[in-house]
Amino acid sequence: MKSKNTAFIYTEDFLQYSFHEQHPFNQLRLLLTKELLESEQALTAEDIVLPKSYSEDLLLTIHAKEYIDIVKRASAEHPVSFESFGIGTTDTPSFPEMYDASFRTVTGSVTAAELVMSTQVNHALNIAGGLHHGFPDRASGFCIFNDIAIAIQYIREHYQAKVLYIDIDAHHGDGVQHCFYDDPNVCTVSIHETGRYLYPGTGKTGERGVKEGFGFAFNFPIDAFTEDDSFLETFSSIEEIAAYFKPDVIVSQHGADAHYLDPLTHLHCSLATFEEVPKRIHKLAHQYCQGKWVALGGGGYDIWRVVPRAWSQLWQIMNNRENFRGEISKKWLHKWQKQAPVPLPTTWEDQLEEYKPIPRHDEIVETNQRMTEQVMKFITNHKNE
Ligand SMILES: [Zn+2]
């Protein structure tokens, strides 16, 4: 399983995707991750690829012209609100670089897709991407343009490849699911905290696609306070889905907000989940797709203690290396501890600070198993036909 080099799509301009100082979506986490990898000597200049430039028509493959124009206006007229387009809300306020910054994120993910599909690299990672809540005609949940849907559409139009989309963000991947809900060539799979108490509320087990696309959307809404064991047990079903769908390429979204320290969700996973999931996806990419794998970022709101470690571990796996263990680079800690509002973790493994044992553990495991059974019944029945 020796891979060709893996591309790390990056430009410091990605950091311009910035709502305001107090906003929970903070792309400083990109720089934190990049510098953590560099100080561990795991990322070099040769690994880094700048996003290529694309025509603005790229946006039209998913988004409505009217909405694109509104995003341009919001950039020029900031502060401004276009509520029917989801812009200027508390979640997704306007900011001056809104259009350019969002378009750049899109070009990053399409660059990753192009490098992988043209077999210049086996795997490519764009941690700036993964904005799965963007809809064709509106912004939602911190997401303006849906870079994932655009990258998948790019793969469909230019390579006619079958795409398996795997979304491990704690929130449902609603925007991506919506864009391919009737498409049998794009199978979307989302594992997320149940929408009972969490945005966006969708992603129920019964959402399975429509028309030709029926049977090509899978949703695993897990219980609040789910821990590593049950998250990973649920994730195992994706192996069965891959066997049923037989993808040509995997596009994955690596939101790191299922971690117990994340301030916006109620899942209770540790870094162990973010070490294990990439290994399983990596294996599937080689098993079904000759290694073709496009990995993207996503949510993750503990930008100091969680996201840099989670995404660095992802990068290690994409490069066929072992996970980092033991102490974190002193150089990185020294530089960033001065700015961090919390004590930074000194080891790659969680020290289980603030980790509370969940008394309902067994009940949650069983609830998730029953839910999974219900989702997978579809494939079981399909096989028996
Ligand atoms: Zn999320």
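Counting starts at 1 for both ligands and their atoms, following the listed order. Side chains included, hydrogens not; waters and symmetry mates left out as well; all remaining heavy atoms used.
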Q: For the pair His63 and Phe145, name the ring-plane relationship: parallel under 30°, tilted 30 to 60°, perpendicular over 60°.
A: tilted
Q.
At a cut-off of 2.8 Å, what protein N/O/S atoms sit near the Zn ion (ligand 1)?
A. Asp169 OD1, His171 ND1, Asp257 OD2
**Q.** Side-chain cluster (under 4.5 Å, hydrophobic types only) that Phe225 belongs to, other residues
**A.** Ile358, Ile364
(Q) Here's one to test your reading of the geometry: is the NZ or CZ of Lys162 within 45 degrees of the ring axis of Phe245 and under 6.0 Å from its centre? (A) yes
Q.
I need the Ile166 CD1 to Ile250 CD1 distance, nearest 0.5 Å.
A. 4.5 Å
**Q.** Test item: Arg325 and Glu275 side chains (from C-beta on) under 4.5 Å apart, heavy atoms
**A.** yes
Q: Please determine which of Arg208, Lys204, His172 meets the side-chain hydrogen bond (donor to acceptor under 3.5 Å, both in side chains) test together with Asn219.
A: His172
